[in-house]
Novice: 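Structure below; questions to follow.
Values in this document were obtained by computation on a predicted structure and should not be read as measured data. Worth knowing before you read on, the calculation uses all heavy atoms, side chains too, and leaves out hydrogens, waters and symmetry mates.
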Amino acid sequence: MSDLAATSACIDTRVIRSGDAVELYITVLPAPGAPVVTQAKEAFSGIARLLKAHEACILEERVVGTAAALQQAAPIRASAYGSFDDGVPPTWLAVAPGFAGPLAGVQIHAVAGVGKPEPLVKKSLGSGRILKVGERKYVTLSQIQAPEAGEFGPQSKRAFEKAEELVTLAGGDFYSIARTWWFLKDIDRDYAEFNKVRREFFLARKLLGECVGDTRLPASTGIGIAPGVIEPVLKKKKNGKVPQCCVDIMAVFGGPQQATKYYPVAGNQHSAFNYGSAFSRGARAQMPAGEVGYISGTADIDTSGASGHIGDPRAQITETLANVKAVIKDIDCRDNEVVQGIAYCKTPEVERVWNELSAELDWPIITCIADVCRPELLFELEAAACPGARSL
C-alpha cells in the first residue's frame with residue numbers, strides 16, 4: 001500500500017500496464033473518526049496528486065459516506081480536482097456511519113497513455129464517460145436514476161432504459177455490458193420487484209440463451225444503499241419524487257473479437273438465475289492495459305440457492321470470502337491480483353467481525369454499512385481483479 005504525502009488517509013493504488021496504456025485502480029480509506037472535512041481534503045487532494053503524477057484521467061468514480069458527509073465532500077472534491085473534474089459527477093452513495101466515520105471511502109478507476117475519456121452527458125438521461133482506444137470503446141455510466149418515473153418499479157425500469165439509451169448513443173448496446181452496480185434505497189421492500197424488472201428487461205433484449213452457458217448476463221451487484229443527493233449538483237426531487245435506486249454500468253464494445261466473457265456459473269455457486277436473479281457470477285473484460293475480472297456481489301448462498309449460517313456473521317463472512325476466492329480462480333485470476341472491492345456489512349457488529357477476519361487480507365476494500373438482498377444475509381462482498389496488477 002502507498003500512503004501518499006504521508007497523510008493519515010490510506011491511499012492504495014494498483015496498476016496494470018501494457019505498452020503506453022496504464023490503468024490505475026485507486027482506493028482511498030479515510031482516517032477513521034476524523035472530521036469529514038479532513039477526510040475529504042485528504043482523500044481528494046491525494047487522488048488529484050496521483051492523477052497529476054501519472055497524467056491520468058478518471059474513468060469511474062464512487063464516493064461512499066453518510067448523506068451529510070457527501071454534501072460536505074462535494075465542494076471539497078471540486079476544489080481539489082480542479083481541471084481533473086470533467087463535469088461528470090461520481091456516484092454518490094449514502095450509507096449509515098461505520099468504523100471509518102462519516103466518509104467510508106472513494107474508489108477511482110483511471111487511465112493514462114490512451115487518450116482522455118470524453119464526457120457522455122445528456123441532461124434527460126444522465127452522464128458517464130466514453131474512452132476510445134483504436135476500434136474499442138469503453139463506456140462508464142454513473143448514478144443513472146429516474147425519480148420522475150414514480151414508484152420503485154417504474155423508476156428501476158426507466159433507469160435501465162436511460163442506461164441503454166446512453167450506451168446506444170455511444171455506439172453500443174446491452175450486449176456490450178460487462179458489469180452493473182444497482183443501489184436500492186429499500187432493498188428489503190423492493191428486491192423482488194427489481195428482479196422482476198431486470199429479468200423482463202434482459203429477456204426482451206435476448207441476453208438469455210436456451211441454456212445457462214449461452215447468456216450475456218453482466219456481472220452485477222444489487223445492494224441496499226440509497227443514491228446520494230448532492231445539492232445543487234443533483235436535484236433532490238423531480239416532480240416531487242425521491243430517487244429509489246440508481247445504476248452504474250461498465251460497457252466494452254468494438255474491435256475484432258468479443259470484448260467480454262461471461263461466467264453465469266463460477267466458484268462454489270450455481271446460476272443465480274435459478275432463484276430469480278439475472279446476473280453472472282463473474283465477467284472478464286478486455287481493457288486498455290489488459291483485462292479485468294469482475295466478481296459479482298457475493299454472499300453466503302449455497303448451490304441450492306439457500307442462505308447459509310443464518311444468525312452467524314462470522315460463518316457468513318468466512319463462507320462469502322471462500323465463495324469470492326473461488327470465483328476469482330474460475331475466471332483465471334489470482335487472489336493477489338485483486339485491485340478493488342467493497343464489503344457490505346448489515347450492522348456495525350458485522351463490520352467489526354469483518355474487520356477482524358480481513359485484517360491480514362491485502363485487498364483494497366471499502367467497507368460500509370448496507371442491507372443485503374435477503375434480510376437474513378448479513379454480509380456481501382464484490383471485487384475486481386486484473387492479471388498482472390501490482391501495487392504502486
Novice: Is there a side-chain contact (heavy atoms from CB on, under 4.5 Å) between L125 and I144 once you walk through the steps?
Specialist: CA-CA 7 Å; L125 300 176; I144 305 304; over 6 Å; no
Novice: State the CD-CD distance between E135 and Q257, to the nearest 0.5 angstrom.
Specialist: 11.0 Å
Novice: Testing Q316, H309, R374 one by one against D300 for a side chain to side chain donor-acceptor pair (under 3.5 Å), which residue passes?
Specialist: H309
Novice: Looking at every non-hydrogen atom in both residues, tell me the closest pair between P243 and P147 and how far apart they are.
Specialist: N-CB, 3.7 Å
Novice: Carefully, step by step, assess I177 and V167 under the rule side-chain contact (heavy atoms from CB on, under 4.5 Å).
Specialist: CA-CA 9 Å; I177 306 300; V167 172; 4.1 Å; yes
Novice: Would a 4.5 Å heavy-atom cut-off, applied to side chains only, mark S127 and P89 as touching?
Specialist: yes
Novice: Side chain of W363, backbone of D335: donor and acceptor closer than 3.5 Å?
Specialist: yes
Novice: Give, for atom OH of Y344 and atom SG of C373, the distance between the pair rounded to the nearest 0.5 Å.
Specialist: 12.0 Å
Novice: What distance separates I331 CD1 from S280 OG, expressed to the nearest 0.5 Å?
Specialist: 11.0 Å
Novice: Kindly say whether V15 contributes a backbone atom to a donor-acceptor pair with the side chain of R390 at under 3.5 angstrom?
Specialist: no
Novice: May I ask you to check whether F202 and F279 place their ring centers less than 6.0 Å from one another?
Specialist: no
Novice: Is the charged tip of R205 near the ring of F201: under 6.0 Å from the six-membered ring centre and within 45° of its axis?
Specialist: yes
Novice: Can you check side-chain contact (heavy atoms from CB on, under 4.5 Å) on N274 and S271, steps first, answer last?
Specialist: CA-CA 6 Å; N274 293 343; S271 172; 4.1 Å; yes
Novice: With hydrophobic residues grouped by side-chain heavy-atom distances under 4.5 Å, do I369 and I187 end up in a single group?
Specialist: no
Novice: Start with the C-alpha distance between T221 and W182, add both sets of side-chain angles, then the distance that settles side-chain hydrogen bond (donor to acceptor under 3.5 Å, both in side chains), and finish with yes or no.
Specialist: CA-CA 6 Å; T221 295; W182 277 94; over 6 Å; no
Novice: Against L50, only a single residue in I108, V28, L24, L392 fulfils side chain to side chain contact (heavy atoms under 4.5 Å, CB included); can you say which?
Specialist: L392
Novice: For the CZ atom on R189, are there more than 12 heavy atoms of other groups (residues, nucleotides or ligands in this structure) within a distance under 6.0 Å?
Specialist: yes
Novice: Is a salt bridge present between K116 and E55, judged by a nitrogen-to-oxygen distance below 4.0 Å?
Specialist: no
Novice: Got a sec: does the CZ of F84 have more than 12 other heavy atoms crowding it under 6.0 Å?
Specialist: yes
Novice: Treating Ile, Leu, Val, Met, Phe, Trp and Tyr as nodes and any side-chain heavy-atom pair under 4.5 angstrom as an edge, say whether I11 and Y81 lie in one connected cluster.
Specialist: yes
Novice: For Q258, does the CD atom sit with more than 12 other heavy atoms under 6.0 Å from it, leaving out its own atoms?
Specialist: yes
Novice: If Ile, Leu, Val, Met, Phe, Trp and Tyr residues are connected whenever their side-chain heavy atoms lie under 4.5 Å apart, and connections chain through other members, are L357 and I295 in the same group?
Specialist: yes
Novice: Would you call E165 and K122 a salt bridge, using N to O less than 4.0 angstrom?
Specialist: no
Novice: Looking at R179, R62, Q143, which hits side chain to side chain donor-acceptor pair (under 3.5 Å) with D248?
Specialist: R62
Novice: Please answer: with hydrophobic residues joined when any side-chain heavy atoms are less than 4.5 Å apart, are I230 and L103 in the same cluster?
Specialist: yes
Novice: Hey, is K196 close enough to E193 for a salt bridge, meaning N to O under 4.0 Å?
Specialist: no
Novice: Does K137 NZ have over 12 foreign heavy atoms under 6.0 Å away?
Specialist: yes
Novice: State which residue, out of I58, V121, L141, fulfils the side chain to side chain contact (heavy atoms under 4.5 Å, CB included) condition with R129.
Specialist: I58
Novice: Spell out, as yes or no, whether a donor-acceptor pair under 3.5 Å connects the side chain of T38 to the backbone of A34.
Specialist: no
Novice: Under the criterion side chain to side chain contact (heavy atoms under 4.5 Å, CB included), which of K346, E351, R352 is the partner of E349?
Specialist: R352
Novice: Near D20 CG, under 6.0 Å, is it more than 12 heavy atoms from other residues, nucleotides or ligands?
Specialist: no
Novice: One thing to verify: whether R14 and D362 come together as a salt bridge, which I'm taking to mean a side-chain N less than 4.0 angstrom from a carboxylate O.
Specialist: yes
Novice: For E60 and S142, test the side chains for any donor-to-acceptor distance below 3.5 angstrom and give the result as yes or no.
Specialist: no
Novice: Yes or no on salt bridge (Lys or Arg N to Asp or Glu O under 4.0 Å) for E42 and R77, after CA distance, side-chain angles and deciding distance?
Specialist: CA-CA 10 Å; E42 290 182 349; R77 172 187 177 275; over 6 Å; no
Novice: Determine whether the side chains of T27 and Q107 contain a donor N or O and an acceptor N or O closer than 3.5 Å.
Specialist: no
Novice: Which word best sums up how the rings of W181 and Y294 line up, parallel for under 30°, tilted for 30 to 60°, or perpendicular for over 60°?
Specialist: perpendicular
Novice: I'd like to check S277 versus R198 (side-chain heavy atoms, cut-off strictly below 4.5 Å). Are they in contact?
Specialist: yes
Novice: Go through T298 and T320 one step at a time and tell me if the side-chain hydrogen bond (donor to acceptor under 3.5 Å, both in side chains) criterion holds.
Specialist: CA-CA 6 Å; T298 301; T320 297; over 6 Å; no
Novice: Hey, what do you get for CG (L361) to CG (N355), rounding to the nearest 0.5 Å?
Specialist: 11.5 Å
Novice: Do the side chains of E356 and R314 get close enough for a salt bridge, i.e. N-O under 4.0 angstrom?
Specialist: yes
Novice: Check for me, please, whether Y191 and I310 land in the same ILVMFWY cluster - side-chain distances under 4.5 Å, paths through other members count.
Specialist: no
